[in-house]
Protein chains: 2
Amino acid sequence: MPKLGMEPIRKEALVKATITEIGRTGSLDVTVSQIAKRAGMSSALAHHYFGSKEDIFLAAMRHILTLYGAEVRGALATTTTPQARLNAILAASFSASNFRREAVSAWLNFWVLAQSVPEAKRLLAVYQRRLRSNLLACLRPLAGDRAEQVADGLGALIDGLYLREVLKSGAPDGAAAVRTARDYLAAELGRWEE
Amino acid sequence: MPKLGMEPIRKEALVKATITEIGRTGSLDVTVSQIAKRAGMSSALAHHYFGSKEDIFLAAMRHILTLYGAEVRGALATTTTPQARLNAILAASFSASNFRREAVSAWLNFWVLAQSVPEAKRLLAVYQRRLRSNLLACLRPLAGDRAEQVADGLGALIDGLYLREVLKSGAPDGAAAVRTARDYLAAELGRWEE
DNA sequence: GTTTTTGTTGATTGACGAGTCAATAAACTT
DNA sequence: AAGTTTATTGACTCGTCAATCAACAAAAAC
């Protein structure tokens, strides 16, 4: 009993199922059938809407990056001072929705994907540039010509905290991650009035 | 014309070939045949010496961790002050042999493996504990009760710098990574006399 | 009301890859 | 010299999986 206008619904279901399955298995060794099953459809339909498995992965990646970007933008919109903006970026980066197990695992696996799929690499590079540019804008007034150095360090630190999250057992602790990042900033920028 | 005592030679060749192939493809989607071919033997022989593909991966992981551990230990042996020891750890972590493309790519992929293979997770946890304990020993006299905080931050930063290396194009720049890590320490510990 | 478009799946194809096995041969043991 | 252990591989099995296809159904367009 086919309803019309299914395409966006199906696609979204597939994208979410992909992230779930990658998180569940902890790898990209996920079959289209598994994804399709979790999304409540046949694998043939998944191939119908996306051309290939790779396209499904890329769509999932875009989804995660879009969510993250939106959350950062939203948090940034309510702020004015550089300090508050830095805090907003950190809060968004380690928020419950972005720092949850599935998403972190997917993130790591997309990093791997980027090594063999140029489009995946491009997407990650976009994310990196945007983060860097956001950090730089906040840091310039606070760190002057050391801003670049600090931004690169903080960027790597954030990625490293994500990376380490996947090895931990137990619930993710975004607050602890934010504390570590804040500590870094406090050290780099000198005592820091919020 | 079988020479005896081939086992260790073959195994080492396979381990090295594994790292090369993982680095080349940027993923764990490497067939035993590819590995065996690069190591100059048939895939059947690879299965003969290692029981399974997973065992080959784990051996490769142990190899990388062992190399890294030996380099750190060697660098540490020639030092006395905490500052010099911290520098030694950083130098070893980003040395040409550990920070080369292949090794970094393998490292990332082992991180992924750790999510589905308990033994891989165990190995990485051992690495993390050792690094942490080494850092802590140096930091205690320099940072007092903030040592833990700084060690965790530095550990994550090191991993993050590795992670970011895989996205870069061009030759790896260990010196820049060391600079970033030193900068972090300098900020956390206050100006720092070497 | 027939044709076209959209949604959907079960069955099939075709490739690939991990792991096994039988067979062959050189070296050591007794 | 006969027997055992170690080294080695080509051929094979068996499973899995991405991708395709034929077929069916309902809505939309004409």
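Quick note on labels: first sequence line is chain A, next is B, and so on, each numbered from 1. Predicted, not measured: the structure shown is a model, and the values here were computed from it.
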Integer-rounded Å distance: dT9(C) P and Met6(A) CE
11 Å
Between Tyr184(A) and Tyr184(B), what is the ring plane arrangement, given parallel below 30°, perpendicular above 60°, and tilted in between?
parallel
Step by step, work out the side-chain contact (heavy atoms from CB on, under 4.5 Å) result for Ser93(B) and Ile89(B).
CA-CA 6 Å; Ser93(B) 295; Ile89(B) 293 172; 4.1 Å; yes
With a 4.0 Å heavy-atom cut-off, tell me which residues in residues 17-31 of chain A come close to DNA chain C, sorted by residue number.
none
Within the pair Arg10(A) and dT6(C), is there a side-chain N or O less than 4.0 Å away from OP1 or OP2?
no
Return the set of residues passing side-chain hydrogen bond (donor to acceptor under 3.5 Å, both in side chains) with Asp152(A) (not counting sequence neighbours), or none when no residue passes.
Arg132(A)
Selection: residues 39-59 of chain B, any non-hydrogen atom under 4.0 Å of DNA chain D
Met41(B), Ser42(B), Ala44(B), Leu45(B), His48(B), Tyr49(B)
May I ask you to say whether Arg140(B) pairs ionically with Glu148(B), meaning some side-chain N is under 4.0 Å from a carboxylate O?
yes
What residue pairs, at least two apart or across chains, pass salt bridge (Lys or Arg N to Asp or Glu O under 4.0 Å) with a residue in residues 155-178 of chain B?
Asp159(A)-Arg164(B), Arg164(A)-Asp159(B), Glu165(B)-Lys168(B)
Identify, with sequence neighbours excluded, every residue that meets side-chain contact (heavy atoms from CB on, under 4.5 Å) alongside Ala106(A).
Ile19(A), Ile22(A), Ile64(A), Phe110(A)
Parallel, tilted or perpendicular: which describes the rings of Trp107(B) and Tyr127(B), with under 30° parallel and over 60° perpendicular?
perpendicular
Salt bridge (Lys or Arg N to Asp or Glu O under 4.0 Å) involving Glu188(A) - partner list, sequence neighbours excluded:
Arg146(A)
Upstream residue (5' side of DNA chain D) when Pro8(B) and Val32(A) are each assigned their closest nucleotide
Pro8(B)
